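Predicted, not measured: the structure shown is a model, and the values here were computed from it. Naming convention: chains lettered A, B, ... in sequence-line order (proteins, then strands); numbering from 1 in each chain.
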There are 2 protein chains.
Amino acid sequence: MKRLTIPEVVVARLPLYTQKLNQLLREGRESVSSQEMADHLGITSAQFRKDISFFGGFGKQGTGYNVIKLLESLRSVLNLDRIWEVALVGVGRLGQALMSYHGFSSTGFEIVMAFDNDPEIIGKSIAGIKVLDVKEMQKQICHREIPIAILTVPAASAQEIADQMIACGVKAIMNYTPTTLKVPKGIRLANIDPVLSLQTITFYL
Amino acid sequence: MKRLTIPEVVVARLPLYTQKLNQLLREGRESVSSQEMADHLGITSAQFRKDISFFGGFGKQGTGYNVIKLLESLRSVLNLDRIWEVALVGVGRLGQALMSYHGFSSTGFEIVMAFDNDPEIIGKSIAGIKVLDVKEMQKQICHREIPIAILTVPAASAQEIADQMIACGVKAIMNYTPTTLKVPKGIRLANIDPVLSLQTITFYL
DNA sequence: TAGATTGTTAATCGATTAACAATC
DNA sequence: TAGATTGTTAATCGATTAACAATC
């Protein structure tokens with residue numbers, strides 16, 4: 001299958017392309033050249049064309065790329081033309097903020113369940129989602145076959161909760177904890193602790 | 001200067017090394033081999049040694065790396081052996097969560113000012129920080145020479161606010177908005193909209 | 001000393017870019 | 001048609017890895 005040979009760095013750039021194309025769409029633009037995309041994104045036009053051509057020839061010589069068509073193609077490539085159900089574990093401040101974050105639902109991600117171990121918060125509703133006891137987590141996630149989980153628990157319990165998630169079928173974990181998690185091959189792990197990117201940036205300051 | 005030649009991918013891995021070393025330190029470990037670090041982090045031992053050797057020979061043949069010494073060296077390389085003052089603009093739910101996030105202060109980042117344009121929230125205190133009118137932003141940031149800003153405003157005003165920040169000396173922006181920002185060369189921009197990493201992950205599911 | 005593991009070299013692998021024929 | 005811009009090739013550039021002498 002062709003898809004398996006796409007470099008990870010290319011895949012990581014596609015959401016940025018999608019983001020920019022959405023912006024152009026809102027501005028009413030019909031087409032865009034690789035050169036313009038490159039200028040906006042701070043890359044070379046050759047890189048843009050090469051990245052896109054992994055998935056097919058979506059452009060037109062002399063004209064560029066049709067914004068809507070390219071956007072839809074990329075959404076299809078990234079499997080964004082469906083709703084993805086997400087579970088969130090750890091309903092602290094960050095967890096609550098993410099549950100209320102409108103950006104998820106407007107892009108096809110829906111947090112459909114949330115778990116915590118604090119009796120104070122279990123049973124409460126946040127952004128329309130009832131917080132369940134984390135003891136229920138495995139049963140619920142298994143039952144509903146949730147593919148993606150957001151991990152916003154304290155560092156100390158991160159690995160344990162991650163193991164439990166994986167045991168009941170979660171395929172991707174967004175790790176917001178400042179922890180180096182061990183996950184089996186085949187499980188996607190995104191480390192998005194806000195501190196990590198800050199620590200990279202300070203090298204250059 | 002040697003530092004200028006370090007590949008970005010290497011710099012991006014250093015915080016992960018720091019994270020794991022901190023974990024080992026808490027476990028009371030005195031030394032660690034490149035092989036063990038590699039196993040934990042899912043990389044090769046050669047890569048770890050190569051990355052570290054950009055900054056000097058911190059290891060000892062036959063023994064490995066002294067955890068404390070390596071940790072301190074990396075902290076020094078990443079300029080983490082000081083306090084970094086951070087401004088936050090956009091005190092919505094995500095902004096508030098980040099203001100309350102303990103992970104920043106415990107790693108040497110301190111959100112020292114916050115701004116919003118909503119009269120309802122201006123003047124209130126969140127996590128001990130008084131929210132100021134965004135009209136005051138440029139004056140305050142200039143005056144205190146804040147190098148890092150967290151951008152958590154609505155997408156529509158993101159570019160405008162970013163321009164204002166840069167005009168008054170901000171050198172790095174953590175962009176939490178779903179926007180492709182244009183920034184001048186020399187300004188560090190980290191795109192950490194949570195949706196971006198989700199959209200990358202769905203490609204593989 | 002014997003065993004272990006580093007730091008570094010050279011080889012490999014992969015990603016980026018310049019250039020241009022194809023073509024809208 | 002003339003001008004513009006794609007898709008792709010080949011060259012370049014850069015990052016990763018295997019291997020091993022050095023050495024603790």
Enquirer: Would A:Val77 and A:Phe54 satisfy side-chain contact (heavy atoms from CB on, under 4.5 Å), going step by step from the backbone distance to the final call?
Expert: CA-CA 10 Å; A:Val77 161; A:Phe54 275 108; over 6 Å; no
Enquirer: From NZ of A:Lys60 over to P of D:dT6, roughly how many Å is that when rounded to an integer?
Expert: 12 Å
Enquirer: In the structure shown, which nucleotide is the Watson-Crick or G-U wobble counterpart of C:dT23, with both distances under 3.5 Å?
Expert: D:dA4
Enquirer: Kindly point out which of C:dT8, D:dT6, C:dT16 is positioned nearest to the side chain of B:Ser53?
Expert: C:dT8
Enquirer: Measuring from the side chain of B:Thr44 (C-beta onward, heavy atoms only), which nucleotide among C:dA15, D:dT16, D:dT17 has the closest atom?
Expert: D:dT17
Enquirer: When you measure from the side-chain N and O atoms of A:Gln47 to the phosphate of C:dT16, is any distance below 4.0 Å, counting only OP1 and OP2?
Expert: yes
Enquirer: Does D:dA10 have a Watson-Crick or wobble mate here (both distances under 3.5 Å), and if so which one?
Expert: C:dT17
Enquirer: Could you state the atom-to-atom distance from CE of A:Met37 to C1' of C:dT17 in whole Å?
Expert: 18 Å
Enquirer: Can you work out whether A:Gln61 or A:Pro7 has the more 5'-proximal nearest nucleotide on DNA chain C?
Expert: A:Pro7
Enquirer: Would B:Ile52 and B:Leu74 count as a side-chain contact (heavy atoms from CB on, under 4.5 Å) if you check the C-alpha gap in whole Å, the side-chain angles of each, and the deciding distance to 0.1 Å?
Expert: CA-CA 9 Å; B:Ile52 297 299; B:Leu74 289 182; 4.2 Å; yes
Enquirer: Please determine if a side-chain N or O atom of A:Arg49 lies less than 4.0 Å away from the OP1 or OP2 oxygen of C:dC20.
Expert: no
Enquirer: Which nucleotide, C:dT17, D:dT6, C:dT5, lies nearest any side-chain atom of A:Ala46?
Expert: C:dT17
Enquirer: At 4.0 Å (heavy atoms only), tell me whether B:Phe48 reaches a base, stays on the sugar-phosphate, or touches nothing.
Expert: nothing
Enquirer: Could you tell me the separation between the CD1 atom of B:Ile52 and the P atom of C:dT8, rounded to a whole number of Å?
Expert: 13 Å
Enquirer: Can you measure A:Lys50 atom NZ to D:dT8 atom P for me and round it to whole angstrom units?
Expert: 10 Å
Enquirer: Please report the distance, rounded to the nearest Å, between CD in B:Gln35 and C1' in C:dG3.
Expert: 16 Å
Enquirer: Checking all strands, does A:Ser34 fall into the base, sugar-phosphate, or nothing category for heavy-atom contacts under 4.0 angstrom?
Expert: sugar-phosphate
Enquirer: More than 12 heavy atoms of other residues, nucleotides or ligands under 6.0 Å from CZ of A:Arg93: is that the case?
Expert: no
Enquirer: Rounding to an integer number of Å, can you tell me how far B:Tyr65 OH sits from D:dC24 P?
Expert: 14 Å
Enquirer: Does this structure show an ion pair linking A:Arg144 with A:Glu136, if we count only N-O contacts that are shorter than 4.0 Å?
Expert: no
Enquirer: Ignoring backbone atoms, establish whether A:Thr63 has a side-chain N or O less than 4.0 Å from OP1 or OP2 of C:dC24.
Expert: no
Enquirer: Please test A:Tyr65 against A:Met37 for side-chain contact (heavy atoms from CB on, under 4.5 Å), starting from the C-alpha separation and ending with a verdict.
Expert: CA-CA 10 Å; A:Tyr65 299 83; A:Met37 285 297 283; over 6 Å; no
Enquirer: Measure CD1/B:Ile43 against C1'/D:dA18 and give the value in whole Å, please.
Expert: 15 Å
Enquirer: Starting at atom CZ of A:Phe55, determine the distance to atom C1' of D:dT8, rounded to an integer number of angstrom.
Expert: 16 Å
